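Just follow the structure's listing: the first ligand is 1, and inside any ligand the first atom is 1. The structure displayed is predicted, hence computed values, not measured ones.
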Amino acid sequence: MVDTAKIIVKAGKGGDGLASFRREKYVPKGGPWGGDGGKGGDIIFKVDPHLNTLITFKTHKTYNAEGGKPGMKNLNTGRNGKDLIIKIPPGTIIKDNTGKQLYDLTKINDEIIISKGGRGGLGNWHFKSSINQTPMVATKGTIIDPLELNLELKLIADVGIIGLPSSGKSTLLNALTHANVKTADYIFTTLEPNLGVLQDHEIIIADIPGLIEGASDGKGLGHDFLKHIERTKLLIHVIDGGDL
Ligand SMILES: Nc1nc2c(ncn2[C@@H]2O[C@H](COP(=O)(O)OP(=O)(O)OP(=O)(O)O)[C@@H](O)[C@H]2O)c(=O)[nH]1
Ligand SMILES: [Mg+2]
């Protein structure tokens with residue numbers, strides 16, 4: 001299961017302001033009429049309940065929002081750049097490149113703007129004054145620096161099933177839900193967390209790979225799996241009755 005990813009996001013640049021003057025048949029010496037640039041698109045993260053891994057981020061690593069369009073004549077502002085919405089599974093934690101946590105998005109349809117698009121530049125009409133009727137200046141749109149982000153997924157489940165390898169965890173998940181995951185009489189049949197939904201109750205149950213002694217100290221792949229049951233409200237510890 002892909003539950004970590006490193007990506008780069010870049011919000012759109014603001015469109016440049018325009019320096020131009022009104023030039024029409026009967027208005028040979030019109031004033032400044034260069035419009036402002038449009039705003040750059042934002043980068044937005046949005047929780048999508050249909051996702052449960054970060055796999056798309058393994059192949060697609062850079063995300064650029066559209067830039068704002070430049071200002072136009074006749075005082076028309078350039079079009080704003082389109083926002084870029086990046087869909088993530090519920091339970092995604094967003095960290096900066098130093099590992100500091102910025103957001104923890106758990107709720108369906110949660111959304112945040114991680115990087116705001118650049119402001120549009122100003123057209124030359126802004127710079128008109130009593131001493132300068134014909135300003136040639138317009139400003140550039142703001143450029144936004146790229147952001148390097150680390151994503152980490154901690155699944156959101158109500159109930160977690162834990163226990164030694166081959167104790168019957170996946171069998172229990174299958175009995176309670178329609179998950180229909182693989183079970184077999186050898187250890188480590190389950191190598192990635194499985195989710196199932198308890199019918200009629202909308203309770204999400206997570207079955208994780210078997211834990212060996214010392215898993216909580218990181219032994220084996222302990223921490224990698226345990227993080228997926230950290231947020232559960234209830235743990236079911238399955239014990240193999242054959243051993244009793
Ligand atoms: N007799 C008996 N066998 C069971 C029971 N529950 C599970 N089994 C069998 O025990 C074996 C292991 O079951 P799994 O559900 O794959 O166990 P698991 O804990 O998910 O195993 P790992 O994913 O490898 O950690 C399978 O062959 C199951 O058919 C039970 O209640 N009684
Ligand atoms: Mg299993």
S.K.: Do Lys227 and Asp3 sit within salt-bridge range, that is, some charged N less than 4.0 Å from a carboxylate O?
M.R.: yes
S.K.: Would you check whether Pro165 has a nitrogen or oxygen atom less than 3.5 angstrom from a nitrogen or oxygen atom of ligand 1?
M.R.: no
S.K.: Walk me through whether Met72 and Trp33 qualify under side chain to side chain contact (heavy atoms under 4.5 Å, CB included).
M.R.: CA-CA 8 Å; Met72 295 169 288; Trp33 72 347; over 6 Å; no
S.K.: Does His50 offer a backbone N or O that forms a donor-acceptor pair with the side chain of Asp48 under 3.5 Å?
M.R.: yes
S.K.: Using distance alone, decide if ligand 1 has a nitrogen or oxygen within less than 3.5 Å of any nitrogen or oxygen in Ser166.
M.R.: yes
S.K.: Would you say Thr189 and ligand 1 have an N/O pair spaced under 3.5 Å apart?
M.R.: yes
S.K.: Do you see a protein non-hydrogen atom under 4.0 Å from atom 1 (N) of ligand 1?
M.R.: no
S.K.: Show which atoms of ligand 1 fall inside a sub-4.0 Å distance from at least one heavy-atom site of Ile187.
M.R.: 24 (O)
S.K.: When you check the space around the Mg ion (ligand 2), which protein N, O or S atoms turn up under 2.8 Å?
M.R.: Ser170 OG, Thr190 OG1
S.K.: For atom 23 (O) of ligand 1, what is the closest protein heavy atom, and at what distance to 0.1 Å?
M.R.: Thr190 OG1, 2.8 Å
S.K.: Regarding Asp83 and Lys46, does a basic nitrogen lie under 4.0 Å from an acidic carboxylate oxygen?
M.R.: no
S.K.: Determine whether more than 12 heavy atoms belonging to other residues, nucleotides or ligands lie under 6.0 Å from atom CG of Leu234.
M.R.: yes
S.K.: When you check the side-chain N and O atoms of Asp158 and His201, is any donor under 3.5 Å from an acceptor?
M.R.: no
S.K.: Are Lys61 and Glu148 ion-paired here, with the side-chain N under 4.0 Å from a carboxylate O?
M.R.: no
S.K.: If hydrogens are left out, which of Asp185, Asp207, Thr171 has an atom nearest to atom 27 (O) of ligand 1, that is, the closest non-hydrogen atom?
M.R.: Asp185
S.K.: Compute whether any side-chain donor of one residue and acceptor of the other, for Thr183 and Ser170, lie under 3.5 angstrom apart.
M.R.: no
S.K.: Could you check whether atom 14 (P) of ligand 1 has a protein contact, counting only heavy atoms that fall below 4.0 angstrom?
M.R.: yes
S.K.: Counting non-hydrogen protein atoms only, what is the nearest one to atom 18 (P) of ligand 1? Give residue, atom name and distance.
M.R.: Lys169 N, 3.5 Å
S.K.: As an exercise, state the distance from CD1 of Ile204 to CG of Leu155, rounded to the nearest 0.5 Å.
M.R.: 9.5 Å
S.K.: Provide the closest heavy-atom pair for Lys128 versus Pro135 in the form atom of the first, atom of the second, distance.
M.R.: N-CG, 3.6 Å
S.K.: Could you establish whether Gly163 and ligand 1 come within less than 4.0 Å of each other, counting only heavy atoms on the residue side?
M.R.: no
S.K.: Does the protein put a heavy atom less than 4.0 Å from atom 31 (O) of ligand 1?
M.R.: no
S.K.: Flag the pair Asp16 and Lys140 as a salt bridge only when some basic side-chain nitrogen lies within less than 4.0 angstrom of an acidic carboxylate oxygen.
M.R.: yes
S.K.: Taking Asn124 for the side chain and Ala138 for the main chain, is one N or O donor matched with an acceptor at less than 3.5 Å?
M.R.: no
S.K.: Linking I/L/V/M/F/W/Y whenever any side-chain heavy atoms sit under 4.5 Å apart, do Phe225 and Val159 land together?
M.R.: no
S.K.: I'd like the name of whichever of Ser170, Gly168, Gly242, Ala184 reaches closest to atom 12 (C) of ligand 1 through any heavy atom.
M.R.: Ala184
S.K.: Would you mind listing which atoms of ligand 1 come within a distance below 4.0 Å of any non-hydrogen atom of Gly210?
M.R.: 25 (O)
S.K.: Just to confirm, does any protein heavy atom lie below 4.0 Å from atom 4 (C) of ligand 1?
M.R.: no
S.K.: Can you sort out which atoms of ligand 1 are near Tyr186, meaning under 4.0 Å from one of its heavy atoms?
M.R.: 24 (O)
